[in-house]
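Right, one structure below, let's go through it.
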Amino acid sequence: MEETKRFYITTPIYYPSGNMHIGHTYTTVATDVIARYKRLQGCEVMFLTGTDEHGMKIEEKAREAGVTPKEFVDRIVEGEHGVKALWKLMNISNDRYIRTTDEYHVRSIQRIFKKMYDKGDIYKGKYEGLYCTPCESFWTESQLVDGKCPDCGREITWAEEEAYFFRASKYAPAVRKLLTETDFLEPKSRVNEMVNNFLDCPGGLQDLCVSRTSFSWGIPVDFDPKHVVYVWLDALFNYVTALGYENEEYDDMRFWPGVNIVGKEIVRFHSIYWPAFLMSMGLPLPQKLYGHGWLVFEGKKMGKSTGNVVDPYLLAGRYGVDALRFFLLRTFPFGSDGNFSNELLISCINTDLANDLGNLLSRSTAMVEKYFGGVLPETQAEGPEDAALLELAAGLRGRYQAQMEKYQLQNALAEVFGLIQRANKYIDETAPWALARDMEANGPRLARVLYNLLEACRVAGVLLSPFIPESSAKLFVQIGAPEAAQTWNSVETWGGMPVGTAVRRGEALFPRIDVKTELAELEKIVAASQKPAAPTVELEPQAEEAVDFDTFCRSDFRAVKVKDCQPVKKSAKLLRFTLDDGTGTDRQILSGIHKYYEPEQLVGKTLLAIVNLPPRKMMGLESNGMLISAVHKENGEEKLNLVMLDDAIPAGAKMC
């Protein structure tokens, strides 16, 4: 017996700094389709997806939200409308889900980092350079576009800190050979970009910073705990730690190497540093890296920061999960960018799914019920109109397979819809309604015509099942296809539908959409979503106890200028202010507002302080006074704002 082939495929692990959008859904659905296609062929499949949960951006987002980083990512990954909920909605068939906060992954990364260090491939140095926090990426001056990050277009900052570095330069020749002499990276258009911009650029491939000390939300370097592992080394190894590499959680390394499906914006890390990491660890390289294009909206890449994201929950709820899955992969060439629009989505559903596939199924099952009581007879007669349909069907599986193996998913769908469209034309050519006028003379011919139509539905249903699994299952029920007629082998030849099978016409798989009405409704929804909801504000009740005027006058409120502001060590809340209070001597005040402000935001500001409070010790430091803030709640969450004065007010001016 032939051994079952193994197939391993992965999505990138997504960065949960906000909810997933249609761009993430595009990647995951495409990967799911390939995994389902391989299962259809009889492969033993391992399909991995997950989330990349460390880094400075997550730490900052969590601070803004007033929660710990782990609480922040838990909400996005596990919560309502979170990552896992979206993949369940979209019928994603992943076999495993990894979070880089999983304990087994943390242990693995620490072991991997130490092995690289012991080998001499990681060394300690000092990082000085340009850094994009949202992308967690380091850049050289020459790589910037208009002085900004070439990936996301946002501002970059100067970073300077002690760090460990990976000797990427050591592996540059081997990586270059991998890219230029093999089919490892596809589409091929990505290869020149990687080689020219990162390997053959002035200075060649630079060693990669693989640890940080300027933030703490990451996997600690266990032999140097002030360092945390840089997010990309942490993230890329997920593809093997999820199989059990350097941990005892799993024992599935037999699936490696596999296929990595990623968006083009992270091809650099996957095509250059990921192979170099694997070479360092002595592991086989991936079979394939496929960097697909972006879904763009009004000419711009969809992204959380740009505000142009499209909500997959909304689209799946209105049009159905399978319709959305189909649209994403039918409309855009998988290796190129695709311009998303609501008009295109509705047109695709109406044309391909409602008119072509839905119409074929509905007409075929209705005629079997009408003319033969739902069961086709054994006696059938061939006719001259059959040849064109059968000729197109011959070899369809092979043509479909050739496109799927190249990840040209849209072309594979085009092959299937060539058969569907030909079958609809076959109805017009054979005119079953005319044959039915004389059942005694034309009954056998009518039976063959309808058999061919059901067979076309069956073959299409099998090959479409990776794309629209729920709808294919409904199609099989309506045409009465047994399980044996739903397999990969069954579509190799024409004639897999048993004669005499009961046909049961059902509801339309994909109802037509009124374009004008639907577009108007979508405009209303978008307009409503863009209008910010008024927050529910809660205010502290006013004090009922009266304060006499003399007591009030003894409180000395003064304008103060912030000369310096620093976080207090070992405190998550306290900031230490050095203030000019107009006396000529600096005043120190400690305030527990780090949750709401970063120190650099406050230097140079004019604030309001009460300066005649008795001194008090906090974390061993003396605080002389109190800064005045305003506090309220929005949607149950406390909000605090320092009272800031006009900078024209001099330091020491008394409030009265």
Looking only at heavy atoms, which two atoms of [X] and [Y] are closest? And how far apart?
X: Pro16; Y: Val77; answer: CB-CG2, 4.2 Å
X: Val449; Y: Pro432; answer: CG1-CG, 4.0 Å
X: Ala481; Y: Arg458; answer: CB-CG, 4.5 Å

Checking [X] side chain against [Y] main chain: does a donor-acceptor pair fall under 3.5 Å?
X: Arg422; Y: Ala393; result: no
X: Asp102; Y: Tyr104; result: no
X: Trp488; Y: Gly42; result: no
X: Ser364; Y: Leu454; result: no
X: Asp52; Y: Tyr15; result: no
X: Asn350; Y: Ile513; result: yes
X: Ser347; Y: Glu343; result: no
X: Tyr451; Y: Gly495; result: yes
X: Glu186; Y: Lys288; result: no
X: Tyr313; Y: Leu86; result: yes

Side-chain contact test, heavy atoms from C-beta onward, threshold under 4.5 Å: evaluate it for [X] versus [Y] and give yes or no.
X: Tyr14; Y: Thr27; value: yes
X: Tyr37; Y: Glu405; value: yes
X: Leu295; Y: Thr25; value: no
X: Ile479; Y: Val368; value: no
X: Met46; Y: Leu243; value: yes
X: Lys516; Y: Ile346; value: no
X: Leu360; Y: Gln421; value: no
X: Cys457; Y: Gln478; value: no

Rounded to the nearest 0.5 Å, what's the gap from [atom1] on [X] to [atom2] on [Y]? Could you check?
X: Ser490; Y: Glu483; atom1: OG; atom2: CD; value: 11.5 Å
X: Gln41; Y: Phe7; atom1: CD; atom2: CZ; value: 9.0 Å
X: Asn339; Y: Thr331; atom1: CG; atom2: OG1; value: 11.5 Å
X: Arg268; Y: Ile266; atom1: CZ; atom2: CD1; value: 11.5 Å
X: Lys5; Y: Lys38; atom1: NZ; atom2: NZ; value: 7.5 Å
X: Leu329; Y: Asn411; atom1: CG; atom2: CG; value: 12.0 Å

Could you go through Gln401 and Gln403, starting from their C-alpha distance and side-chain angles, then the distance that decides it, and tell me whether this counts as side-chain hydrogen bond (donor to acceptor under 3.5 Å, both in side chains)? CA-CA 5 Å; Gln401 180 177 358; Gln403 297 298 335; over 6 Å; no

Kindly determine whether Phe332 and Phe327 satisfy ring pair (Phe, Tyr, Trp, His ring centres under 6.0 Å), including the steps that lead there. CA-CA 8 Å; Phe332 314 116; Phe327 162 73; 5.5 Å; yes

Quick one: ring-ring contact (aromatic ring centres under 6.0 Å, His included) partners of [X], sequence neighbours excluded?
X: Trp494; result: none
X: Tyr239; result: His270, Trp274
X: Trp433; result: none
X: Tyr290; result: Phe334, Tyr407

Under the side-chain hydrogen bond (donor to acceptor under 3.5 Å, both in side chains) test against Thr49, which residue among Thr10, Asn238, Thr11 passes?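 Exactly one pass, corresponding to Thr11.
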
Arg330 to Phe417, cation-pi by 6.0 Å centre distance and 45° axis angle: yes

Assess the side chains of Thr430 and Glu385: does a donor N or O sit below 3.5 Å from an acceptor N or O?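 No, Glu385 and Thr430 have no side-chain donor paired with an acceptor closer than 3.5 Å.
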
Side chains of Thr365 and Arg504, donor plus acceptor under 3.5 Å: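 Side chains of Thr365 and Arg504: no pair found under 3.5 Å.
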
Any carboxylate oxygen within less than 4.0 angstrom of a Lys/Arg side-chain nitrogen, looking at [X] and [Y]?
X: Asp386; Y: Arg445; answer: yes
X: Glu455; Y: Arg448; answer: no
X: Arg254; Y: Glu44; answer: yes
X: Arg399; Y: Glu415; answer: yes

Would Val262 and Val267 satisfy side chain to side chain contact (heavy atoms under 4.5 Å, CB included), going step by step from the backbone distance to the final call? CA-CA 7 Å; Val262 302; Val267 163; 4.1 Å; yes

Taking it one step at a time, do Leu413 and Leu464 satisfy side chain to side chain contact (heavy atoms under 4.5 Å, CB included)? CA-CA 8 Å; Leu413 285 172; Leu464 289 175; 3.5 Å; yes

List the steps and the verdict of side chain to side chain contact (heavy atoms under 4.5 Å, CB included) for Arg325 and Val33. CA-CA 9 Å; Arg325 287 172 60 103; Val33 165; 3.8 Å; yes

List the steps, then state whether side-chain hydrogen bond (donor to acceptor under 3.5 Å, both in side chains) holds for Asn442 with Arg437. CA-CA 8 Å; Asn442 300 324; Arg437 293 176 191 147; over 6 Å; no

Without placing hydrogens or testing angles, list every side-chain donor-acceptor pair under 3.5 Å for residues 314-324, not counting sequence neighbours.
residue, atom, partner, partner atom, Å
Arg318, NE, Glu518, OE2, 2.7
Arg318, NH2, Glu518, OE1, 3.2
Arg318, NH2, Glu518, OE2, 3.1
Tyr319, OH, Glu518, OE2, 2.6
Asp322, OD2, Glu470, N, 3.2
Asp322, OD2, Ser471, N, 2.7
Asp322, OD2, Ser471, OG, 2.8

Can you tell me if CG on Asp438 sees more than 12 non-hydrogen neighbours from other groups inside 6.0 Å? yes

Could you walk me through whether His105 and Asn247 satisfy the side chain to side chain contact (heavy atoms under 4.5 Å, CB included) test, starting with their C-alpha distance in whole Å, then the side-chain angles of each, then the deciding distance to 0.1 Å, before giving a yes or no? CA-CA 7 Å; His105 175 77; Asn247 65 70; over 6 Å; no

side-chain hydrogen bond (donor to acceptor under 3.5 Å, both in side chains): which pairs involve residues 74-88, sequence neighbours left out?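 Residue pairs with at least one partner in residues 74-88: Lys70-Asp74, Asp74-Arg99, Glu78-Lys84, Glu78-Arg99.
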
